[in-house]
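Take a look at the following structure, please.
This one's a predicted model, so the numbers in the text were calculated from it and none came from an experiment.
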Amino acid sequence: MTHIKRKIVTILTNEHIPDGEKITMLRELEADSLSKERSATEGMTPVDGDDGEDLKTIENALRKLGQEPVEAGAASL
C-alpha cells in the first residue's frame, strides 16, 4: 500500500474528523496528485511512478463521501 493510500484509509476511518474536513483533506491530496500528473505531461519525470493509481484512489474516496472528483481532462492539465 502506498503512502497516499494509507493516508486516505486513515482519513476515511477516523471517526473524530468531520466529513467536511475529510473532503477538504482529500481535495488537497487530489490537487497534489493532479499537479504531479500535469508535471508528467510537461516532460517532467513522475516522482513516485504510480501511473495515476493514487489519483484513482483519491477519487474513489471522494465518491464514498458523496463528492465528485475534479474533472481531470485535457483542460485541467
Side-chain angles (χ1 to χ4, degrees):
M1 183 179 291
T2 67
H3 168 72
I4 294 296
K5 289 180 183 177
R6 280 193 299 273
K7 192 168 190 169
I8 292 167
V9 169
T10 300
I11 291 169
L12 290 177
T13 59
N14 189 329
E15 296 176 7
H16 301 290
I17 301 174
D19 284 352
E21 191 173 333
K22 289 178 183 181
I23 291 167
T24 299
M25 296 167 79
L26 290 170
R27 290 289 182 199
E28 289 172 4
L29 292 174
E30 180 184 42
D32 290 344
S33 187
L34 285 169
S35 177
K36 286 181 189 176
E37 284 195 358
R38 223 179 348 265
S39 296
T41 64
E42 293 171 357
M44 297 176 68
T45 306
V47 175
D48 52 16
D50 72 2
D51 294 330
E53 288 301 314
D54 286 346
L55 183 58
K56 290 177 191 170
T57 304
I58 295 164
E59 291 172 346
N60 288 334
L62 284 166
R63 285 185 183 104
K64 286 181 183 179
L65 294 172
Q67 299 293 304
E68 285 299 315
V70 170
E71 180 64 39
S76 68
L77 297 175

- With sequence neighbours excluded, tell me which residues meet salt bridge (charged side-chain N to carboxylate O under 4.0 Å, His left out) with R27. E30
- Kindly write out the residues that satisfy side chain to side chain contact (heavy atoms under 4.5 Å, CB included) with D32, not counting sequence neighbours, or none if the list is empty.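 None.
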- Query: Does a salt bridge link E59 with K56, judged by any charged N lying under 4.0 Å from a carboxylate O?
  - Reply: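 Between K56 and E59 there is no salt bridge, as every charged N stays at least 4.0 Å from the carboxylate O atoms.
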- Query: With distance as the sole test, does S35 use its side chain to make a donor-acceptor pair with the main-chain N or O of A31 at under 3.5 Å?
  - Reply: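 Not a single qualifying donor-acceptor pair exists.
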Acceptor/donor pairs from residues 12-23 side chains to any protein atom, 3.5 angstrom cut, sequence neighbours excluded:
unit_1	atom_1	unit_2	atom_2	d
T13	OG1	V9	O	2.7
N14	OD1	H16	N	2.8
K22	NZ	L12	O	3.1
K22	NZ	N14	O	3.1

- Query: How many angstroms lie between CD1 in I58 and CD in E28, if you round to the nearest 0.5 Å?
  - Reply: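 Those atoms lie 11.0 Å apart.
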- Message: Quick one, L26 and L65 - any side-chain contact, counting heavy atoms below 4.5 Å?
- Response: yes
- Task: Verify side chain to side chain contact (heavy atoms under 4.5 Å, CB included) between T2 and D54, making sure each step is shown before the conclusion.
- Result: CA-CA 8 Å; T2 67; D54 286 346; 3.2 Å; yes
- Just how far is it from atom OG1 of T57 to atom CD1 of I8, taken to the nearest 0.5 Å?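 Atom-to-atom, T57:OG1 and I8:CD1 are 5.5 Å apart.
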- Note on the structure: Of all heavy-atom pairs linking L62 and P69, the shortest is CD1-CA, 4.3 Å
